[in-house]
Structure formats: structure tokens, C-alpha cells
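All remarks here apply to the structure that follows.
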Amino acid sequence: MGLEQKLGNMGVITMTLEQAVNWGRTNAMWPMLFGLACCAMEMIAAQSSNYDVSRFGMELMRASPRQSDLMIVAGRVTRKMAPVLRRLYDQMPDPKWVVAMGDCASSGGIFNNYAIVQGVDEIVPVDVYISGCPPRPENLIYGIMKLHEKVRQEKITKWK
Amino acid sequence: MPDLSEPVLEELRHLFTARALSGETMVLNMGPQHPSTHGVLRLIVELDGETVIRAIPDIGFLHTGIEKNMESKTYIKALVMTDRLDYLNNIGNNLVYCLAIEKLMETKVPERANVLRVLMAELQRIASHLVWLGTHSIDLAAMSMLLYCFRERDYIMDIFEMVSGQRMMTTYIRPGGVWRDVPAGFTEVVENFINYLPAKLDDYERLLTNNPIFKQRTQGVGYISAEDAVKWNLAGPSLRGSGVNFDVRKAMPYSGYEQYEFDVPLETGGDVYARYRCRMREFRESLKICRQALDKLKTTKGPFITNDRKVAPPPRSELGTSMEALIHHFKLWTEGFTPPKGEVYAATESPRGELGVYLVSDGTPKPARVHFRQPSFANLQPLNYMSENHLVADLVAIIGSVDIVLGDIDR
Amino acid sequence: MLNPEHVKKTVAALKEKFPETVQEVSEFRGETTVNVAKAAIAEVCRFLRDDAALDYNVLTDLAAVDYSPEEPRFGVSYILFSMSKMARLRLKVLVPEEDPEVPTVTNVYINADWYEREAWDMMGIKFAGHPDLRRLLMPADWEGHPHRKDYPLGYEEVQFSFNWREIDAKKPYAKE
């Protein structure tokens, strides 16, 4: 781990509380099992053996919003689904993050029509947008890495 | 945020028995965000204890307006929309739409393109069934199956990526043929996969087919008789699990399916287990077709897309030298082609059953109406009928067994 | 293999049984379409299903079409299929805009239920006698019928690099 060099012979690490908490938050981020459309397949593929997102502490997909802190909006969000999505977001405990996976969730994608919400950021605040239709599992993992970077830089005053 | 439950329940009141209104039974909302509804399906279930009295599906949470959107695009540009309909059967959606266009335009498809179409469609069927097997068994608490199945699915996704550059939304099948010929090394990759999968299928069957827990949860659950299955117009393995021998590939062969030797698996049980057995046997039949198609591919040479420049673009190499090719290319991508006025219906066998498209042309470069006859739509309809007097846990098994894809239902 | 002979036989039988209601028979690309008077559609369907020699036991698809600006504006197509005889027949009913109401076929083909609800939802065609004619795909409080030709496809502008800021400024971003 490289940790033992820092330990010295006292068994103590010094770091700021901010760093410690942010580190903890990035490495046990539980995503909500929220598959909407095509991207859900790639999200499951990212979970399963070949890509294995659990390397980053995400092996648990929680079916309940109460137990999760990352919402991966995987797929197109329709006008009928939008209130449901917001309600699920409101049910998630703080701190919470949102990843808009795929073109449809980010901007409506190729569906510029009456039924699709043109970007899920109209309903919930989005932290990371991932392009692709659908994004490859690697893309998703990269997006999550970007989110981890963002979380690591969060300030103690902005915590919720 | 508006409260969703109150007004909707008021409107749905007539769907439930009088016992629900008096509070004797419970009305439970399942979904649209629920791990075992295979997407954004909402079920309004009336329960007596744990017994299901009514299960009313509420769909449309994934209604994308694809049919309407396709009307605003030229025929060839609307093709990309079809991929996103049933997102486990992208190639099959392309295929049925292209078949309809070809019927409308009376285009002849070269032999090699037909072989490639069959090969791809069968690989897609295997991929789709793998996802079904994974998700269906995870609903029945066999967690490891999902990991195994997605491992195998990734092989097929790699093949698709090799051929078309995309894992899922390939748009590989085009009107008049396929997008391009297969790259070098393709046959070896597919051959490896075909030789690799049967042993894995044996593994899965060892894990599930005679597993007493799996059998108890599936046998006798969600029974539908042959007459009722026909009456409700079930499609695909759900229909054949009830003992009705109907497969579009055999009944109305398209893309040269009549040249392949394969059986249509039939089960007479009519329950969840029979549908499971049916699909497991379909894996092997699909592999059989793949093997034959691969052999055919080696001997069938020639163009992979039609020479009709009205439907298919000219090859890149011609664009630099031929003015005519340049004009055709420009016309095709800006204006598109203009089929005669008329209506056609084309049908294929998707992994879930008969997938049809009803295409209305008004003599302009854009389709006047595209309507998809979706197998999941037909298969979900009798859910209330199939799940009556079952337990809630069985309801989950039934939804899994008819293999619905919400993108397919809601369009 | 499909059996075109049986379709011919069916058309002849239909013409004999319903001389007034069968209005027009057309063939295009090997598919036969029979235009049927609106009021008689359920009756015709019942005859096609129950007649043992014809035996159209399946309703494969039901689709509503907006033919505007043609008159009558709407059409409803019933794609029937006979599993025993391997024949596919399309019945079509033309529906004027002023009176978009067609008798239901749910009591003939049980699976027409959702197809008719979809046609009502998307095209605004009423099916008289349908047991539960609610919206199927759109939210219950949605206004209009999206698949009609006069219904706009979408209403949000697309962002490009030249108008990015302009649209970004008025886009309703969500708050925490």
C-alpha cells in the first residue's frame, strides 16, 4: 500500500480531516441500481466480470435510494419518468452525486422530441457527464474516476 | 414535486376488486424504479396477503417517441433510431426495418449480405438470451449467473465492435445489404466463440436446469395454455414454451433462413420453467445457424451491399473518380430515396418473438408512418392473466420469463 | 411460407358475405389490404376469426395512421394472421377527423386491448366499447395526441457552439 512508509514506528498518520473524509467518500461510493434504457446494459457490463467497477469500491449496486450516494442516470429520461427521477434523488441521503451517463441523459441525444427531457440536468444537478451512445464500460469508469477527483477536492465548508 | 400516488390511484380505481376499496386487500406499487422489473416498468399489484389478485402494468416510462421522430428523418437516417428501440436486439431491429424498406423499394440483397445478416442476427440472439439468462436468474437469486453471462456477452460485443466499430448501437445492417464487409480475422474470432460457448452453456445448465431451488421457483409458475397463448398473441419462446410451433424464421423465411438447418425448440409445459428450457435450447440452435452461416460466408463471395445506387451509397473509392458516384452519394445523404406510395409489413423473429414493422410511404423521402409490432409489448399484456393467484416472488419470475425489454414496449 | 391463395379465398369470401362493407381491395408488394366500412370492423373480424375455413386466429398488429392532408384523415390498420393457413391479411378502416371513433375489436381479439389504448393515446382515435380506454404510454395528464401530424415533434432548441451561451442562460437547470 505504501502506507507503512508513512506510518513511521508510531502507527499514526497525520492528515487533514478534509482529506480523510474525502478519501473515504471516494472509495466506498455506492451507486443506485438505476437502469433506464440502453446505457443500463453497459452499466451492468461495467459491474460484471470483464470491467469490474468494484475495483473502485463500487461493488454494491443498491436498489434503494436510501442506501446509495451516487445516482448513475443510465439512459433516456422521459417526461413521464422525470418526476420519479427527482423523487428518487430527493430520497437519497447527503452527500450525493449524479452522473449523467450517455448522450440522452446528458443532452437528450438524438431524441429531440416531445417525450424526452433534454438533459437530465433540468431535473437534478449533475456532477459528471459521460458522452457516448451508449458509453463503453471504460467510459463509465473514467467518468467515475473524474467524479472521484472532484470529490477529493471538496472543501470542508461545502460539506453536507 | 407533485404527489404521484393520489390522483393516479383514483383513476385506476375501477381496475381493482371491491375488496381493495374496503381495505381488505392491499394495493402495492411496484416500480418504476425496482430492481426486478427489467427497466422502468410500473406494476400496480393488488395483494391478498402475499397472493397476487391483480397485477396491472403501467408502461410508458420509457416512451421515447421514436416512431414520431422517424417520420421527421429520411428513410436511411431513421435507421439509427431503430437501434435504440429494443436495446438487446439492435441488429434485429435494423434488419426488420431494412427488410421493410427493401420490400417497399423492391431491392435485391446480395447473397453475401444475407449470410452476414443471418450470422449477425443469430449472434445478437445469443447475446440477448445471455442478458435474459443473467437477469432472470438474478431475479431468482442466482447471482453468479449474471457475472458469467455478461462475461460471455462481452465476447459478442467484441465481435460487433470488430465488425461495426460500436458495441451495441451498430447500425450494421443497411438498406440493400450491410455497412461493410467483415474485417480480416473475423471468421477465426467467431469460430473461437462458437467453440467456446457450448461448454459454458453446459455449465449453466448444470447450475440451473436440475437445481431443485430453481425448479421449485419456476415449475408450475405463470402457466399459460397453448390456446390462451395464441389468443393473447404471445410471441417467440414465450409462445413456444406453451407448445405452439410458430417461428417466423421457419414460417416466413427472410434473409435466406430457409437454407439453414435448425430446429425450433418446443416445450409443452407452458410455465416459467418451460420458457427457460426453450430459450436454453435456442442458444444451441442459434450456434448451429452461426456455424452454417460461417461456412457459407467462406464460400459466398461477392458484394456485401446492393449495386442499386438509389438505395445504397457508392463505395468510397469511386467518389474520387466518378462524377456520377459523387452525385449519387450527395443525393442519397441529403435527399434520400423516394419509395412508391404504399404500405408494407415486414416481420422477423427477434429473440423475444415476432418483431414486425408496418411502414407507410406517402411517396416522399420520409416515412409517413412507422409502427413497430413489438414482441415484448405482446408478451407483457397477459401478465395480469398469468400472475393471478401467484405469490409476489413468482410475479418477479414471470416478468423475467417473458423476457421483456422496456425500450421495446414503450418505443 | 405465406399462402397467397388463402388470402384470395378470404377476399372472395368477404366480398360474398359483406358486399356493402368491403369497399376496396388493393394489393401492394404481395400484401393484400381490404378497406372495410368503419361500423362493421368488429363484425368482419369476428367472421374472419370464427369461420373455420378462414381461421384468422391472431391479431398481429394494430396501428393508427395519420394520412393528412388526405381525406379521410386517419386510418386504422388491423394486421391479421392465420397460423393454420399461413396467411396474412390487412384490414383498414378510414376514420374522418370530425368523428374519430371506431368500434372496438377487444371482444374479438383479446390482445387488441393495449393496441387500441395506444392508438387512442398517440392518435386520438376513440374505440367505442373498449373496456378501459386510458392513455397507455404518455402521462395521464398529457395534452394532445403526439403522433398526429399537426403535433410538434419537439420544442427545445439544440445547443451549438454559436448559440451555446444564449440557450445555456435560459435553460432551466435544477437546483440541489
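First the proteins, then the strands, lettered A, B, ... as listed; each starts at 1. All values derive from a computational prediction rather than experimental measurement.
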Can you tell me which of B:I409, B:N245, B:L62, B:N69 forms the most heavy-atom pairs within a distance under 4.5 Å of chain C? B:N69
Cut-off 4.5 Å, heavy atoms of chain B, and the answer for C:Y67 is side chain
Among B:V360, B:N233, B:V244, the residue with the most heavy-atom pairs under 4.5 Å to chain C is B:N233
Among C:K38, C:K126, C:H130, which one satisfies side chain to side chain contact (heavy atoms under 4.5 Å, CB included) with C:V102? C:K38
So, do B:E354 and C:T60 sit near enough that their side-chain heavy atoms are less than 4.5 Å apart? yes
Largest heavy-atom contact set with chain B, pairs under 4.5 Å, which of C:A64, C:G30, C:P131, C:A112: C:A64
Check: C:W120 ring centroid to C:F127 ring centroid under 6.0 Å: no
When the ring planes of B:F246 and C:F81 are compared, do they come out parallel, tilted or perpendicular, using 30° and 60° as the limits? tilted
Relative to the ring of B:Y97, is the ring of B:F372 parallel (under 30°), tilted (30 to 60°) or perpendicular (over 60°)? tilted
Contact class of C:R49 relative to chain B, heavy atoms under 4.5 angstrom: neither
Below 30° counts as parallel, above 60° as perpendicular, anything between as tilted: where do the rings of C:F162 and C:F160 land? parallel
Please rank C:M86, C:E70, C:R90 by heavy-atom pairs under 4.5 Å with chain B and give me the top one. C:R90
Aromatic ring pairing B:Y75/B:F337, orientation class (parallel under 30°, perpendicular over 60°, tilted between): parallel
Top residue by heavy-atom pair count (under 4.5 Å) with chain C, among B:G356, B:G342, B:P382? B:G342
Given that the side chain runs from C-beta out, which part of C:R117 has a heavy atom under 4.5 Å from chain B: side chain, backbone, both or neither? neither
Would you mind telling me which of C:N57, C:L136, C:V58 has the largest number of heavy-atom pairs within less than 4.5 Å of chain B? C:L136
State plainly whether the residues B:R369 and B:E67 are in salt-bridge range, i.e. N to O under 4.0 Å. yes
When the 4.5 angstrom heavy-atom criterion is applied to B:Y358 and chain C, the contacting part is side chain
So, the part of C:D113 with a heavy atom under 4.5 Å from chain B: the answer is both
C:L153 portion near chain B, given a 4.5 angstrom heavy-atom threshold: both
Only pairs of heavy atoms separated by less than 4.5 Å count here; which of C:R88, C:M83, C:M138, C:K149 has the most with chain B? C:R88
Do B:E343 and C:F28 have side-chain heavy atoms sitting under 4.5 Å apart? no
Which atoms of B:D410 come close to chain C, meaning under 4.5 Å heavy atom to heavy atom: side chain ones, backbone ones, both, or neither? both
